Asker: 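A single structure is presented below for examination.
Each ligand, and each atom within it, is numbered from 1 in the order the structure gives. Bear in mind that the values here come from a model prediction, so they are computed numbers and not experimental data.
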Amino acid sequence: MISWRKHYKKGLVAIGLLLSTSASIYAQGDAANGEKLFKANCTACHALDKQLVGPALGGIVEKVKTEQNLDTDWLHKWIKDNKALRASGDKYANEIFEKFNKVEMTPFPNLSEQDITDILEYTSNPPKPAEPAADAAAATDANSFTAMEQAKRDSMNGKVIIISLLAICGLLIWLLVRLRQLVKLQQTEELEGLNATRATSFSDLYKKYSYVGKGILTLLAIFAAYGIWNWLMWIGVYKGYKPEQPIYFSHKIHAGINKIDCQMCHSSAKYGKVSEIPSMNVCMNCHRNISEYQGKYFEPGKDKAFYDAEIQKIYAATGWDAGKQQYTGKTNPVEWVRIHNMPDFVYFNHSQHVVAGEQAIINSFNKKNPDAKIDVVCKACHGQVDTMNVVQMANDFTMGWCIECHRTTEVDMNNGYNKEYFKNLHDKLKKQYPQTEGKITVDAIGGLECGKCHY
Ligand code: HEC
Ligand code: HEC
Ligand code: HEC
Ligand code: HEC
Ligand code: HEC
Ligand code: HEC
């Protein structure tokens with residue numbers, strides 16, 4: 001009898017241990033949260049291991065400590081508002097600004113101290129990359145594929161470990177409850193009765209306890225279903241995906257520094273379902289005259305010769321002879337690598353968002369992000385493209401992402417289209433939901449209906 005109790009205690013200790021390991025996973029969640037924040041806010045300009053627009057940030061805490069004798073307090077100030085820090089006359093802040101050709105880093109006043117601590121934790125202790133699946137990497141374009149795999153794994157590993165641990169705990173608790181019932185039984189007169197049903201051989205035992213096995217199998221099945229669901233949810237998702245392009249075309253130089261309107265090149269966004277990549281003729285409208293780069297901005301690591309050579313590629317592609325100022329007729333189509341690509345079963349229409357939804361989306365985005373206001377509707381979904389030398393996916397572009405915005409964005413009932421089209425509906429909804437004072441989010445006009453987004 002005593003031995004039963006002993007086991008019971010041991011069981012409790014085991015559960016305690018398991019719970020504490022899962023708790024410690026949560027504690028390390030800082031770096032994971034930091035990674036998320038880093039990817040959302042910083043990867044446009046920083047990488048951990050190499051210089052992009054800004055310096056490499058791997059081990060930055062250690063670096064400013066040893067090289068500049070500055071502590072994390074300085075980093076917090078810099079990240080929150082580097083401009084203010086420079087204005088305060090801080091020596092190192094001004095030094096590094098000069099060193100990077102006075103390229104301004106975005107201030108991040110909306111990041112909390114904890115957020116910044118998390119980001120710094122990530123730069124000091126980035127999670128080790130998992131081994132890429134050898135066969136998968138070989139099968140597809142190596143870089144982009146592994147980056148995508150990595151993103152998937154990172155997000156799944158943590159969840160799977162925690163859920164597995166919880167499941168194991170559950171199993172243990174259940175076993176202990178059973179044991180305790182047995183202990184109680186032993187203490188009663190029913191012991192006799194129990195003895196009668198006692199297993200006498202291994203096969204008896206199996207028969208009696210096969211439900212344990214079944215239980216485990218069921219659990220495994222649940223895990224598998226969970227894994228498959230996760231995998232499905234990640235189809236086509238590559239936030240941060242930025243492949244190498246045949247011409248090094250910089251959005252920062254065009255849309256940012258030279259303030260060329262997005263729609264000058266992506267004009268079809270306004271009228272159609274897709275927002276196309278401009279043809280080489282559009283480039284030639286300007287580059288017939290701009291054959292050299294004479295800008296002051298240089299992305300670290302690039303020089304005038306590099307940009308000039310890239311501009312020459314436009315001439316090679318269109319068969320333009322700059323010396324004779326005429327086309328030779330020999331063309332070489334440029335094959336841009338597509339970055340955004342929804343699965344075929346999804347219907348997404350740019351004009352619905354860029355024309356009908358424009359004001360609604362801008363207003364709602366600016367209300368949600370008072371510190372990162374946008375002027376151009378495209379940025380609500382594509383991020384600050386005009387600061388990116390290389391475009392990358394700024395959001396997950398999952399179903400959940402579409403729906404989240406539809407739930408929270410108020411439709412602009414006063415734009416010409418909706419005023420006309422939805423007048424009756426609007427009045428009806430106003431009566432139906434008086435508490436919303438006639439405020440109507442996209443879900444109310446059908447933005448959550450499966451058929452609107454799926455063929
Ligand atoms: C628009 C581009 C841009 C973005 C976005 C950006 N940075 Fe920077 N960052 C820079 C540049 C450029 C510098 C170099 C100093 C300068 O020119 O102002 C820099 C410098 C830094 C430094 C100082 C590094 C050193 O060597 O001392 C830190 C730390 C830093 N950034 C952190 C961040 C973090 C964290 C984020 C995201 C929350 C971020 N940055 C987002 C461009 C950017
Ligand atoms: C001077 C022409 C030009 C201007 C202006 C321009 N783009 Fe682009 N855009 C391109 C070209 C060329 C590509 C394809 C190469 C690449 O991905 O960088 C592209 C690619 C993109 C992509 C990725 C497309 C894909 O493959 O999924 C997005 C998103 C995008 N642009 C958004 C914008 C936004 C937003 C603006 C305004 C802030 C803008 N562009 C301004 C020429 C332009
Ligand atoms: C509305 C005018 C305009 C259009 C259209 C345009 N560019 Fe440019 N491009 C510029 C300007 C301005 C510069 C910067 C020149 C300078 O600062 O001396 C530039 C610079 C460049 C450079 C060197 C810097 C960099 O981004 O790497 C490349 C390459 C380039 N353009 C490619 C293209 C391609 C490809 C297209 C068509 C998809 C295109 N441009 C369309 C105006 C334009
Ligand atoms: C409501 C979100 C949203 C807004 C606003 C938006 N886009 Fe997009 N954009 C997307 C989605 C989603 C895709 C992927 C579409 C696909 O793969 O079928 C995309 C794809 C693109 C592409 C790649 C070509 C294509 O159509 O697949 C370009 C270029 C682009 N967008 C440019 C723009 C420009 C320029 C604007 C502003 C005028 C803009 N987008 C506004 C969500 C948006
Ligand atoms: C940034 C916010 C935002 C995001 C993200 C977004 N939408 Fe929308 N969407 C809107 C707004 C606002 C409208 C309403 C436009 C109007 O006034 O008619 C809308 C309307 C629509 C409609 C028409 C609904 C109807 O009943 O008329 C469809 C279909 C749609 N969106 C599909 C998508 C898909 C697919 C995605 C994801 C790939 C997506 N949207 C992502 C804001 C968004
Ligand atoms: C606002 C647009 C929108 C609405 C409404 C919507 N979906 Fe989706 N759905 C998407 C997008 C975008 C994807 C592709 C997501 C991706 O690539 O990860 C998707 C993917 C899916 C998938 C594939 C699994 C996955 O998540 O990738 C299924 C199944 C699905 N949707 C079912 C539904 C059902 C059922 C409804 C109605 C209750 C619905 N959807 C309503 C936009 C929508």
Asker: Where's the contact between I290 and ligand 3, heavy-atom distance under 4.0 Å: side chain, backbone, both or neither?
Answerer: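 Contact part for I290 vs ligand 3: side chain (C-beta onward).
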
Asker: Please confirm whether N285 comes under 4.0 Å of ligand 3, counting heavy atoms of the residue only.
Answerer: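 Not so, N285 does not reach ligand 3.
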
Asker: Judged on heavy-atom distance to atom 18 (O) of ligand 3, which of M264, Q294, K313 sits nearest?
Answerer: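 Going through M264, Q294, K313 one by one, Q294 has the nearest heavy atom to atom 18 (O) of ligand 3.
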
Asker: So is Y347 polar-close to ligand 5, meaning N/O to N/O under 3.5 Å?
Answerer: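 Y347 vs ligand 5: no N/O contact under 3.5 Å.
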
Asker: Hey, looking at atom 33 (C) of ligand 1, which of H76, K99, M105 has the closest heavy atom?
Answerer: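 Comparing heavy atoms across H76, K99, M105, the nearest one to atom 33 (C) of ligand 1 lies in M105.
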
Asker: For atom 8 (Fe) of ligand 3, decide whether H287 has an N, O or S atom at a distance under 2.8 Å.
Answerer: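 It does; at least one qualifying atom falls short of 2.8 Å.
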
Asker: Evaluate W401 for polar contact with ligand 5, using N/O atom pairs at a separation under 3.5 Å.
Answerer: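 No - when backbone and side-chain N and O of W401 are compared with those of ligand 5, no distance drops under 3.5 Å.
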
Asker: Please determine if K302 forms a cation-pi arrangement with F298, meaning its NZ or CZ atom is less than 6.0 Å from the six-membered ring centre and no more than 45° off the ring axis.
Answerer: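 No, K302 does not sit over the ring of F298.
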
Asker: Is it the side chain, the backbone, both or neither of T123 that has a heavy atom closer than 4.0 Å to ligand 1?
Answerer: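 Neither; no heavy atom under 4.0 Å.
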
Asker: Applying a strict 4.0 Å limit to heavy atoms, is N82 in contact with ligand 1?
Answerer: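 Contact absent.
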
Asker: Please state whether K63 comes within less than 4.0 angstrom of ligand 1, counting heavy atoms only.
Answerer: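 Yes; K63 lies near enough to ligand 1 that a heavy-atom distance drops under 4.0 Å.
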
Asker: Where the closest heavy atom to atom 35 (C) of ligand 1 is concerned, which of L70, T387, I79, L75 has it?
Answerer: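 Among L70, T387, I79, L75, the closest heavy atom to atom 35 (C) of ligand 1 belongs to I79.
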
Asker: Can you tell me if F38 contacts ligand 1 (heavy atom of the residue under 4.0 Å from the ligand)?
Answerer: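 Judged by the 4.0 Å heavy-atom criterion, F38 does not count as contacting ligand 1.
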
Asker: Between C283 and atom 8 (Fe) of ligand 3, is there a contact where an N/O/S atom of the residue lies under 2.8 Å from the metal?
Answerer: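 So C283 does not count as coordinating atom 8 (Fe) of ligand 3.
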
